[in-house]
Amino acid sequence: MAASSPDTAVRTGRVTRAVIYTALIVFAFYYLLPLYVMLVNSVKPLAEIQGGAMLALPQAFTLAPWQSAWSTAQIGVSPTGLSPYFINSIVMVIPAVAISTILGALNGYVLTKWRFPGSTVVFAMMLLACFIPFQIVLIPMARILGLLGLAGTTSGLVLVHVVYGLGFTTLFFRNYYEAFPTELVKAAQIDGAGFFGIFRRILLPSSGPIIVVTVIWQFTNVWNDFLFGASFSSADSQPMTVALNNLVSSSTGVKEYNVHFAGAIMAALPTLIVYIVSGRYFVRGLMAGAVKG
Amino acid sequence: MAIAADRGHVHSPERSGAMERLQGLLPKIVLAPSFAAIVVFVYGFILFTGYLSFTNSRILPNFDLVGLANYTRLFGQPNWWLALKNLAIFGSLYIVICSVIGLGLAILLDQKIRGEGLLRPIYLYPMALSFIVTGTAWKWFLDPGIGVETIVRSWGFTTFTFNWIKDSQMAIYTVVIAAVWQSSGFVMAMFLAGLRGIDNEMIKAAQIDGASNFNLYRRIIIPQLRPAFLSAFVVLAHLAIKSYDLVIALTNGGPGRATELPATFMYSYTFTRNQMGVGAASAVIMLIMIASVIIPYIYAEVRGGQSNGR
């Protein structure tokens, strides 16, 4: 991807280069500033923030805000901290990502190596489904979850995330398998390998990169989702984003900014870690999802 | 996203027997659940919501048709017009500023920069965060009581005022600030990929002809970034129309209803004000807005893909 390709062949003078580096570094500070603000203020006593020293390093370092955000802060009606909601998110995200990735891989395999009349239409319909505003499905989804007995449950949220993640996971795998040599598949077929055999032994072993891209994409989207979480969860299935918003926007009592910042970092940490560990794949997923395969 | 013409797929071998027939059907059987899910949960639900928008549904769906009454009511609501106006302000500034910053950073990063490998991830990491996290960070950073205003005042500028987030005229611009922070790095990555795909021979030829760097970018390089501009526009417009989480976390639609957007309008009318018919109508309008951006784009991609022999 971008990193390995050559730069545009434009020559620049020394002064220009100094200006360029300055501008680039200024922007780096701009992007890092909110993260810095969250970090330093999450380890300060509240009084320091109220005193107007938001940009200063903590004078009295404390982990109490983290402890409070994790286990004692008031979320909604109960003083549980964010930890139960963090676990809700984990319990939701793992099956949602696994199921949508597996289905996406199989769909991509069928849509490239086992085409049938109408398969292009099927793909086009799945592709368009990626872009709908979710507001258009909120009302019927609430009804269906109720009818299925899944209203307010983590299983209900898993179902929602699988269904609305399928378009993208299918798109990713379909574009990846499109470039996979069909001759290998044909050869295996002549050797008597069946549908699943070919998938398992021929395609799957070389699917590593696209699996990583898809898992990261889905993980980030499901973890960061707020709309579905806010619409379809109950107090015991609320994901982290909804709980964080409840913590920050609760209007009762003193605003504990330091606790809010600690909670925000907790909510950000899983996706941030994924991004730091595998940023290359993260960007690839974004581009594949956004531009074209 | 090019939908390739039917080529090079495996022909189901003509063998006989139930097992073979099953093998032949297997691909369709595997695809069927996903396809059925999309048909029901996407297209079926669109029809359902579309139908509701013509009924007098209030707290629960009902099926008594009332014609266009909900649309008339929707467009008679000052709040809906406010949401549309806010979307116009937010959407256009968001798209323009993200594109300018994204293009600028991409051009600067494309000058054989030492440390590009360090800078790029710094520009991009906000995209990994939830809008709720971004909203929380900016909500307090822009809060006049503890954030920017207080900080600048503590530097000695005691009359400095920056209370946009509390000002119903200016609050929508704070949504722009936070959203640009979140997405501009990603736009940078799109433009950078575009720049790296440009053929250097043409640039070198223009340099031999004595073109200045400014003209080089204006006349040769930027015009070639058209596909990247188009993709950036589609992605950003799509994100803007869907914007919900960020507004909820940053301003919760306030102060008052000053930062209402179509998405927050839809949610509150449907689920808290018990006017489901109007909510459904607003969702249909949102779908039409997104479709009018996405469908021409996908259509062009598909057609372009085919004419390239893909």
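Throughout, protein chains are lettered first and strands after them, A, B, ... in sequence-line order, and every chain is numbered starting at 1.
Contact annotation: the side chain of T270(B) approaches that of I139(A) to within less than 4.5 Å [non-hydrogen atoms, C-beta and beyond]. Side-chain contact between L108(B) and Y21(A) is absent, with no heavy atoms from C-beta onward closer than 4.5 Å. L24(A) places none of its side-chain heavy atoms less than 4.5 Å from the side chain of E116(B). Proximity of V160(A) to F41(B): side-chain heavy atoms (C-beta onward) are nowhere separated by under 4.5 Å. Annotation: side chain of L129(B) is not in contact with side chain of Y275(A) (no heavy-atom distance under 4.5 Å). Between L119(B) and F27(A) the shortest side-chain heavy-atom distance does not fall below 4.5 Å. In this structure, I132(A) and I290(B) have side chains that are not in contact, with every pair of non-hydrogen atoms separated by 4.5 Å or more. The closest side-chain heavy-atom distance from T49(B) to V137(A) is not below 4.5 Å.
Summarising the geometry, atom CG belonging to L33(A) is positioned 4.0 Å from atom CZ belonging to F141(B); distances are rounded to the nearest 0.5 Å. With rounding to the nearest 0.5 angstrom, the CD1 atom of I146(B) is 4.5 Å from the OH atom of Y257(A). Distance check, rounded to the nearest 0.5 Å: CD1 of I102(A) to OG of S34(B) gives 11.5 Å. One distance of note links CZ of F134(A) with CE of M266(B); it measures 13.0 Å at 0.5 Å rounding. With rounding to the nearest 0.5 Å, the separation of OH in Y43(B) from CE in M125(A) is 5.0 Å. Between the OH atom in Y125(B) and the CG atom in L272(A) there is a gap of 7.5 Å [rounded to 0.5 Å].
Both the backbone and the side chain of L109(B) come within contact range of chain A, each with at least one heavy atom under 4.5 Å from a heavy atom of that chain. Both the backbone and the side chain of I248(B) come within contact range of chain A, each with at least one heavy atom under 4.5 Å from a heavy atom of that chain. In this structure, chain A has a heavy atom under 4.5 Å from the side chain of P61(B), while its backbone stays farther away. For chain B, the nearby part of M38(A) is the side chain; its heavy atoms alone come within less than 4.5 Å. Only the side chain of F271(B) comes within contact range of chain A, with heavy atoms under 4.5 Å apart. Residue contact with chain B, scored on non-hydrogen atoms closer than 4.5 Å, involves the backbone and the side chain of T241(A) alike. For a residue to count as touching a neighbouring chain, one of its non-hydrogen atoms must lie under 4.5 Å from one of that chain's; by this rule V152(B) does not touch chain A. For a residue to count as touching a neighbouring chain, one of its non-hydrogen atoms must lie under 4.5 Å from one of that chain's; by this rule I144(A) touches chain B with the side chain only. Contacts of P121(B) with chain A are made by both backbone and side-chain atoms, with heavy-atom separations under 4.5 Å. Within the 4.5 angstrom heavy-atom criterion, only side-chain atoms of I38(B), from C-beta onward, approach chain A. Proximity to chain B (any heavy atom under 4.5 Å) is restricted, for L111(A), to the side chain, taken from C-beta onward. Both the backbone and the side chain of D245(B) come within contact range of chain A, with heavy atoms under 4.5 Å apart. For a residue to count as touching a neighbouring chain, one of its non-hydrogen atoms must lie under 4.5 Å from one of that chain's; by this rule M276(B) touches chain A with backbone and side chain alike. Interface residue V37(A): only side-chain heavy atoms are found under 4.5 Å from chain B. Of the atoms belonging to V39(B), it is side-chain heavy atoms, and not backbone ones, that fall under 4.5 Å from chain A. Of the atoms belonging to A230(A), heavy atoms from both backbone and side chain fall under 4.5 Å from chain B. Looking at R114(B), both its backbone and its side chain come within 4.5 Å of chain A, counting heavy atoms on both sides. Interface residue I294(B): only side-chain heavy atoms are found under 4.5 Å from chain A. Contacts between F261(A) and chain B at a heavy-atom distance below 4.5 Å involve the side chain alone, from C-beta outward. Contact annotation for A280(B): both backbone and side-chain heavy atoms come within less than 4.5 Å of a heavy atom of chain A. For I113(B), the parts lying under 4.5 angstrom from a heavy atom of chain A are both the backbone and the side chain. Contact annotation for S100(A): neither backbone nor side-chain heavy atoms come within less than 4.5 Å of a heavy atom of chain B.
Under the ring pair (Phe, Tyr, Trp, His ring centres under 6.0 Å) test applied with Y123(B), the options F29(A), Y30(A), Y31(A) reduce to a single match, Y31(A).
Contact count versus chain A (heavy atoms, under 4.5 Å) is highest, among I107(B), T150(B), I241(B), I122(B), for I122(B). Ranked by heavy-atom pairs shorter than 4.5 Å toward chain A, the options I101(B), L31(B), L52(B) are led by L31(B). Ranked by non-hydrogen atom pairs under 4.5 Å with chain A, the options A206(B), S184(B), A178(B), S282(B) are led by S184(B). For the set Q50(A), R143(A), E183(A), the entry with the most heavy-atom pairs within less than 4.5 Å of chain B is R143(A). Considering only heavy-atom pairs separated by less than 4.5 Å from chain A, the leading option among Y267(B), W181(B), W138(B) is W181(B). Taking chain A as the reference chain and counting heavy-atom pairs below 4.5 Å, the highest number among N213(B), V284(B), I46(B) is found for N213(B).
Proximity of a side-chain donor or acceptor of N224(A) to a complementary backbone N or O of A128(B) within less than 3.5 Å is detected. In terms of modelled atom types and a separation under 3.5 Å, the side chain of H260(A) and the main chain of T136(B) share no donor-acceptor contact.
With sequence neighbours excluded, the residues that form a side-chain contact (heavy atoms from CB on, under 4.5 Å) with A142(A) are F232(A). In this structure, the ring pair (Phe, Tyr, Trp, His ring centres under 6.0 Å) partners of F195(A), at least two apart in sequence or on a different chain, are Y109(A), W114(A).
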